[in-house]
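What follows is a single structure, written as structure tokens, with notes after it.
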Amino acid sequence: MNLRTRVLLTVLSTIVGGASLILYTTISQDILFKGLSFCSSSVQELVFGSSAFFFSAVVAGFIATLIVVKDNFLPLFFMSLYVLGKLFVFTTCGQWHGPLWFETGLNLSHLGGLWLGWYGAVKFPLAPMRQPDYNELK
């Protein structure tokens, strides 16, 4: 696989993975659980909403990893930087809907879910593998 194809797949995977992360997070947090908040949600909604939040990140990490070959983790790195940047911006601007520890835990579960999705896609038996280049075999 040449460099141009690798870069194109990395960019495509980052865009699709980031869009699916935002989409699935919005569906799980705002649509299914109607604005999940520590202060206004019940304990049952918090448990199921946090689980849905985590599994949305697992699915996004899995999708992003299946687009690129197994040995390329750059899209997950960029999506992790996005989650950390969002955490930093929301912390400095005070845009939380609950206590800081709860929102930080949700974002850390996002990070863990992304990398768990990456691990699942790498171990997935039908995942694409990087084919060695003929020049590398010499």
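The model shown is predicted, which means the values in this text are computed figures rather than measured ones.
If you take CZ on Arg6 and CG on Leu3, they are separated by 8.5 Å, rounding to the nearest 0.5 Å. A distance of 11.0 Å separates OG1 in Thr26 from CG in Leu32, rounded to the nearest 0.5 Å. Annotation: the span from Gln29 atom CD to Ser41 atom OG amounts to 9.0 Å, rounded to 0.5 Å.
No side-chain heavy atom of Tyr82 sits under 4.5 Å from any side-chain heavy atom of Leu114. Between Leu21 and Val83, some side-chain heavy-atom pair lies under the 4.5 Å cut-off.
Here Ser42 pairs with Gln44, Glu45 under the side-chain contact (heavy atoms from CB on, under 4.5 Å) rule; sequence neighbours left out. Residues satisfying the side-chain hydrogen bond (donor to acceptor under 3.5 Å, both in side chains) criterion with Ser80, sequence neighbours excluded, are Trp115. In this structure, the ring pair (Phe, Tyr, Trp, His ring centres under 6.0 Å) partners of Phe62, at least two apart in sequence or on a different chain, are Phe124. Listed by chain and number, the residues in a side-chain contact (heavy atoms from CB on, under 4.5 Å) with Leu8 amount to none (sequence neighbours excluded). By the side-chain contact (heavy atoms from CB on, under 4.5 Å) test, Cys39 pairs with Ser37, sequence neighbours left out. Qualifying ring pair (Phe, Tyr, Trp, His ring centres under 6.0 Å) partners for Phe38, counting only residues two or more places apart in sequence or in other chains: Trp101, Phe102.
Grouped by direct or indirect side-chain proximity (heavy atoms under 4.5 Å, Ile/Leu/Val/Met/Phe/Trp/Tyr only), Phe54 sits with Phe55, Val58, Leu116.
In this structure, Phe33 places its CZ atom where more than 12 heavy-atom neighbours from other residues, nucleotides or ligands lie under 6.0 Å away.
One hydrophobic cluster holds both Ile22 and Trp118 under the rule that ILVMFWY side chains link at heavy-atom gaps under 4.5 Å. Linking ILVMFWY residues whenever their side-chain heavy atoms come closer than 4.5 Å, directly or via other members, places Tyr24 and Ile31 in the same cluster. Criterion: ILVMFWY side-chain heavy atoms under 4.5 Å apart, direct or through other members. Under it, Leu74 and Leu81 are part of a common hydrophobic cluster.
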Residues 103-111 side chain polar contacts: donor-acceptor under 3.5 Å, at least two apart:
from	atom 1	to	atom 2	distance (Å)
Thr104	OG1	Leu100	O	2.7
Asn107	OD1	Lys86	NZ	3.4
Asn107	ND2	Glu103	O	3.0
Ser109	OG	Leu106	O	2.6
His110	NE2	Thr25	OG1	2.9

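Side-chain N or O atoms of Ser50 include none that pairs as donor or acceptor with a backbone N or O of Val47 at under 3.5 Å.
Evaluation of the side chain to side chain donor-acceptor pair (under 3.5 Å) test over residues 7-22, restricted to residues two or more places apart or in two chains, returns Thr10-Asn72.
Across Thr91 and Leu87, no two heavy atoms sit closer than the pair OG1-O, 2.6 Å. Minimum interatomic distance between Met79 and Ala64 (heavy atoms only, all atoms of both residues): CE-CB, 3.9 Å.
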